[in-house]
Amino acid sequence: MSELPAEQTWLVLVDLLTDLRKKEFEIPKEIPNNIKLAKTTINFYKVDPTDPQRQVEVKRINEFLTSIQEALMSMAEQIGSEYTATWTDKLLRASRGEIVYPPKKTKSKFVIGAPSGFSMVRMNFKAPLSEDRVQEIAEYENVIIEFEEDTLLVVYGDKENIKKSLQELSSFFKEQLK
């Protein structure tokens with residue numbers, strides 16, 4: 001699906017929020033909450049923009065983005081006119097449908113063909129894992145563990161067995177935190 005101007009506006013506002021936090025501004029809790037709600041609503045709308053029930057969300061998206069923009073830009077004004085002008089330019093470009101931030105290409109990680117009757121868990125690690133240790137856990141806990149990527153595992157099996165295997169796999173998380 002193509003980018004919506006609202007998505008680019010959302011990206012600009014997230015970047016502005018991040019920059020203001022770096023400048024040690026105290027951000028009211030409702031702003032990050034509204035940013036999350038705006039993104040969720042944008043994604044809901046994008047599923048099927050022709051659906052009348054989803055079309056009413058456009059107004060809500062605009063309300064979220066407008067309130068966020070007003071709050072963040074009033075903080076930006078405290079820094080100075082040059083800073084405000086930079087962000088105003090980005091927001092204007094986004095509202096015209098220009099690509100201010102290139103969209104990240106992410107592919108769906110939906111698992112097709114999961115065994116019937118099995119539960120499934122996906123785990124993402126920071127660093128590649130030892131396949132031997134992972135397979136030992138799989139055999140011991142009676143689960144199927146597949147590597148989708150070097151750092152992404154999918155665990156299939158009975159819920160109780162998955163819970164036990166996750167306890168064993170948690171040691172990998174602890175090692176990567178050191």
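Not measured: the values here are computed from a predicted model.
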Asker: Same cluster or not: Ile68 versus Phe44, using hydrophobic residues (I, L, V, M, F, W, Y) connected whenever any side-chain heavy atoms lie under 4.5 Å apart?
Answerer: no
Asker: Atom CG in Leu72, atom OG1 in Thr84: separation rounded to 0.5 Å?
Answerer: 11.5 Å
Asker: For Phe147, does the CZ atom have more than 12 heavy-atom neighbours from other residues, nucleotides or ligands under 6.0 Å away?
Answerer: yes
Asker: Quick one: side chains of residues 28-40, donor-acceptor pairs under 3.5 Å with protein atoms, not counting sequence neighbours, listed by atom name and distance.
Answerer:
| unit_1 | atom_1 | unit_2 | atom_2 | d |
| --- | --- | --- | --- | --- |
| Asn33 | ND2 | Lys29 | O | 3.3 |
| Asn34 | ND2 | Glu30 | O | 3.4 |
| Thr40 | OG1 | Lys36 | O | 3.0 |

Asker: With Arg60, which residues qualify under salt bridge (charged side-chain N to carboxylate O under 4.0 Å, His left out), at least two apart?
Answerer: Glu57
Asker: Could you check if a side-chain atom of Val155 sits within less than 4.5 angstrom of a side-chain atom of Glu146, using non-hydrogen atoms only?
Answerer: no
Asker: Tell me, do Glu141 and Glu168 make a side-chain contact under 4.5 Å, heavy atoms counted?
Answerer: yes
Asker: Are any of the side-chain heavy atoms of Asp15 and Trp87 separated by less than 4.5 Å?
Answerer: yes
Asker: Hey, are the side chains of Thr41 and Trp10 touching, using non-hydrogen atoms and a 4.5 Å cut-off?
Answerer: no
Asker: With heavy-atom distances below 4.5 Å as the criterion, would you say the side chains of Gln69 and Leu16 are in contact?
Answerer: no
Asker: Any donor-acceptor pair under 3.5 Å linking the side chain of Ser67 with the backbone of Phe64?
Answerer: yes
Asker: How long is the straight-line distance from CD1 of Ile27 back to CG of Leu17, given to the nearest 0.5 Å?
Answerer: 5.0 Å
Asker: So which atom in Ala94 and which in Val12 form the shortest heavy-atom distance, rounded to 0.1 Å?
Answerer: CB-CG2, 4.2 Å
Asker: Return yes if some donor-acceptor pair links the side-chain N/O of Ser81 with the main-chain N/O of Glu77 below 3.5 Å, else return no.
Answerer: no
Asker: Please report the shortest heavy-atom distance between Ile61 and Ala6, naming the atom on each side.
Answerer: CG2-CB, 3.8 Å
Asker: Return the NZ to OG1 distance between Lys90 and Thr9, rounded to the nearest 0.5 Å.
Answerer: 13.0 Å
Asker: I need the minimum non-hydrogen distance between Leu65 and Leu13, along with the two atoms involved.
Answerer: O-CD1, 3.7 Å
Asker: To the nearest 0.5 Å, what is the distance between CZ (Arg21) and CD (Glu24)?
Answerer: 13.0 Å
Asker: Within a strict 4.5 Å, meaning less than it, do heavy atoms of the Leu153 and Val121 side chains meet?
Answerer: no
Asker: Of all heavy-atom pairs between Met120 and Ile162, which one has the smallest distance, and what is that distance?
Answerer: N-CD1, 3.9 Å
Asker: Given Arg93 and Gln8, is the side-chain contact (heavy atoms from CB on, under 4.5 Å) satisfied, shown in steps?
Answerer: CA-CA 9 Å; Arg93 289 179 25 225; Gln8 282 295 309; over 6 Å; no
Asker: Just jot down the salt bridge (charged side-chain N to carboxylate O under 4.0 Å, His left out) partners of Lys23, sequence neighbours excluded, or say none.
Answerer: Asp19
Asker: Looking at Glu160 and Lys164, does any basic side-chain N land under 4.0 Å from a carboxylate oxygen?
Answerer: no
Asker: Report the distance from atom CG of Leu20 to atom CZ of Phe25, rounding to the nearest 0.5 Å.
Answerer: 6.0 Å
Asker: With a 3.5 Å distance limit and no angle check, can you tell me whether Arg54 reaches the backbone of Val47 through a side-chain donor-acceptor pair?
Answerer: no
Asker: Do you know which two heavy atoms are closest between Pro5 and Gly97, and how far apart they sit?
Answerer: CG-CA, 4.1 Å
Asker: Counting C-beta onward and ignoring hydrogens, is there a side-chain heavy-atom pair between Val143 and Ile145 closer than 4.5 Å?
Answerer: yes
Asker: Rounded to the nearest 0.5 Å, what's the gap from CD on Glu7 to CD1 on Ile99? Could you check?
Answerer: 9.0 Å
Asker: Should Leu169 and Ile137 count as side-chain neighbours, where that means a heavy-atom distance under 4.5 Å?
Answerer: yes
